[in-house]
Amino acid sequence: MCGICAVTGRRDATPIIFEGLRRLEYRGYDSAGIATLCNGQISRRRAAGKLSNLGEVLGQEPLAGTTGIGHTRWATHGVPNTTNAHPHGTSRVAIVHNGIIENFERLRSELEAAGQVFETETDSETIARLVDQYLQEGYLPQEAAFAALDRLEGAYAVAMIFAGHDGLLIGARHGAPLAVGYGDGEMFLGSDSLALAPLTRRIAYLEDGDRVVVTSEGAMFFTEDGQPAQRAIQTTAFIAGAVGKDGYRHYMEKELHEHPLVIGQTLRRMIDPARRRIALPDMPFNLAEVPRAVISACGSAFYAGMIGRYWLENIARLPVDIDVASELRYRDPPLAPGSLGIMISQSGETADTLAALRSLRGKGLSVLSVLNVEHSTMARESDVVFGTVAGPEISVASTKAFTAQLTVLACLTVALARARGAIDIAGEEELVSSLLDLPSRAAEALQQGDDIRRMAEIVAEAQDVLYLGRGSAFPVAQEGALKLKEISYIHAEAYAAGEMKHGPISLIDRSVPVVVTVPSGALFEKTLSNVQEAKARGGRILAFTDTEGAARVREIAEHVVVMPRVSEFLAPVVQVIPTQMLAYEVALLKGTDVDQPRNLAKSVTVE
Ligand code: M6R
C-alpha cells in the first residue's frame with residue numbers, strides 16, 4: 001500500500017526520494033508526490049498515476065532542498081487524483097501518511113470550525129491540519145506533531161517537515177511500519193528496508209506507538225507517552241543487488257525462476273541434511289503437546305495454509321481449523337486450550353492477519369508465524385517465527401514466497417508428525433529425503449514454458465475460467481485462479497473438483513476453459529471422472545499432471561503440461577509452479593501491468 005521515503009542531509013533530497021519511491025512502487029499505488037524544504041519554505045509536486053508522471057512534473061518544476069518527504073499513495077479515502085495525492089499540508093507543515101485515520105471526520109469538523117479550510121477528500125489531510133493548528137497556537141514542531149499524534153485513532157505511519165526548520169524530519173508509527181536509515185551525514189525514513197536499500201544497510205525499526213525526531217546527525221526515539229526510548233540499529237540483509245530484475249522482463253518472471261533457489265535456502269534453515277532430520281529452532285512450547293492448530297492468513301498465504309492443513313491432518317494427524325484472517329478476527333471461535341496459532345504472511349504486515357494474530361494471542365494461544373520479512377510487525381508479535389528465505393518479493397503477485405511458505409509448512413508437518421508419534425525415524429528420513437529433492441524438481445517444473453504458452457493462448461481468449469482440483473490440489477487450483485485474476489484481469493473461479501456437479505457445471509461450454517490440476521496419486525481417478533463430466537458438456541480441458549498421470553490425462557485433455565513426479569505429499573509444491581506460470585503468460589498476452597496490477601497493493605496494511 002502507500003509508501004513513504006524521506007531524507008535529510010547534504011545532498012539534493014528530490015532525486016534520492018524519487019528513487020526511493022521507485023523502490024516502493026511494488027507496494028501498489030495510484031499517485032505520488034514529494035515536498036522539500038528550501039530556505040525554510042515548503043514546496044511540493046504531485047501527480048496522479050505512475051511515478052513517470054511525477055517525474056515529468058519535477059522536470060518542468062524542479063524541487064530544491066536537502067530535506068524532504070515523498071509518498072506513493074494507494075487510495076482509500078478520496079479518488080486517486082493529483083489533489084488527493086500526498087504530501088498534504090499548509091505553509092507551515094507537510095505530511096505523508098500510510099494507513100487510515102478512523103476519527104478523521106470528527107477531527108475535520110472540529111478543525112473546520114477553527115477555520116481550517118480542507119482541500120482534499122482524504123483522511124490524511126486531517127493530520128496536516130491538526131499539526132498546523134497546534135503550530136498556529138505557538139507549539140514548536142515536535143510539540144505540535146506529538147500533540148496531533150495523541151489525537152489520532154486508526155493506523156498510521158507518517159513523516160513530516162516544518163517550514164523554517166530545514167534539516168528536521170518527524171516520523172511516527174502506529175499500526176503501519178516505518179524504519180529509520182542511518183547514512184553518512186544524512187538520515188532517512190522509509191516504509192521498509194527496500195526503500196532504503198542502496199542508501200544504507202543500517203536501519204532501526206520504530207516499534208508500535210513510537211515517534212522519532214530525525215536530523216542529519218541522528219535520531220531520537222520516543223514512546224507513545226513521550227518517554228525517550230532506545231531502538232537498536234540493525235544491519236539489514238536486503239541489499240540493493242537483490243532488488244534488480246536481472247535481465248528478466250518482469251519481477252514476477254524473475255521470482256518464478258527463483259523457486260528452486262528459495263526452496264533450497266528455506267530447507268537449509270530447517271533440515272539437518274546429514275542426519276536427514278528436521279532441525280527446528282527452539283520453541284517456547286512443546287510440539288508434542290499441541291492438541292490442535294488454528295491457521296490464518298490472507299490471499300495466496302491462505303492457500304498455502306490450506307495445503308498445510310491437508311498435510312498436518314493427514315501426516316501429523318493434528319486437528320486443524322483454518323480461516324481467512326479477515327473473518328477469523330471477527331468470528332470469535334471457541335478454542336481448545338493449548339492450541340497453536342499458525343499465521344502465514346510474506347510481508348508480516350497484512351492488517352487482517354496481524355489482527356487475527358493479536359486476537360489469538362489475546363485468547364492465550366501461542367502463535368507461530370511463517371514470515372518472509374524478518375523485521376516485520378508480525379515477527380515482533382509472534383511467539384516463534386519460521387522464516388521463509390525467499391528474499392525480497394517485489395511483484396505484487398506472490399510466487400516464490402508461496403513455495404517457500406509451503407516448504408516451511410512441510411518441514412513443520414514432518415516435525416509435528418514425529419513429535420506426535422504419527423511417523424517413526426524411518427518415516428521422517430523418507431519425508432526429509434523427498435523434501436531435499438524438491439529444489440531439483442522445481443527447476444524441472446520451470447522447463448515447461450512452451451507447453452504453458454500454448455495453453456495461455458486459449459486462456460487469454462476467455463472471459464471466465466474454471467480451475468479444479470481435489471485434496472491438496474484444490475488450494476493449488478485456488479492459487480492458480482487468484483493469480484490469473486490478479487494479473488490478467490480474467491475472471492476465474494476455483495472449485496473442489498467434486499463440487500462442480502453441485503452448481504458450477506452449468507457454466508461449462510466451449511467458451512469457459514477448465515484448468516485442472518490432477519497429479520497421480522490417491523485422488524487421480526476421482527478427479528479424472530470430474531474432468532470427464534466437464535468434457536462431456538463441451539468443456540475445453542487444460543490439465544496439469546505429472547509423468548505418471550500424463551498418458552491417461554492426454555486421453556481427455558486438449559492441452560497437458562507434465563510436471564516431474566514427486567511424492568504425493570509434495571506434489572502441490574511442484575504443481576503450483578505451472579499454474580503461476582500460466583497466469584504470467586496470459587498476462588503477457590493481455591499486455592497488462594504484470595508487476596503492478598491495477599487496484600492491488602503488495603502489502604495490505606488496511607482492513
Ligand atoms: O504479505 P501477505 O502474505 O500477508 O499478503 C497476503 C495477500 O495479500 C497476498 O498473498 C496476495 O493475495 C497476493 N497478491 C497474491 O498474489
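When a ligand or atom number is given, it counts from 1 through the structure's own listing order. Everything quoted here is computed from the prediction, not taken from an experiment.
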task: Check salt bridge (charged side-chain N to carboxylate O under 4.0 Å, His left out) between E207 and all other residues, then give those that pass, not counting sequence neighbours.
output: R231
query: Who passes side chain to side chain contact (heavy atoms under 4.5 Å, CB included) against A601, sequence neighbours left out?
result: M1, W74
query: Okay, side chain of D321, backbone of V294: is any donor-acceptor separation there less than 3.5 Å?
result: no
query: What closest approach, in Å, do I487 and A583 show between heavy atoms, and which atom pair accounts for it?
result: CD1-O, 3.5 Å
- request: Check the side chains of T579 and E479 for a donor-acceptor pair under 3.5 angstrom, ignoring hydrogens and angles.
  value: no
message: Can you list everything that forms a ring-ring contact (aromatic ring centres under 6.0 Å, His included) with H559? Sequence neighbours excluded, please.
response: none
message: Show me, by chain and number, every protein residue that has a heavy-atom distance under 4.0 Å to ligand 1.
response: C298, G299, S300, A301, S345, Q346, S347, T350, V396, A397, S398, L482, K483, E486
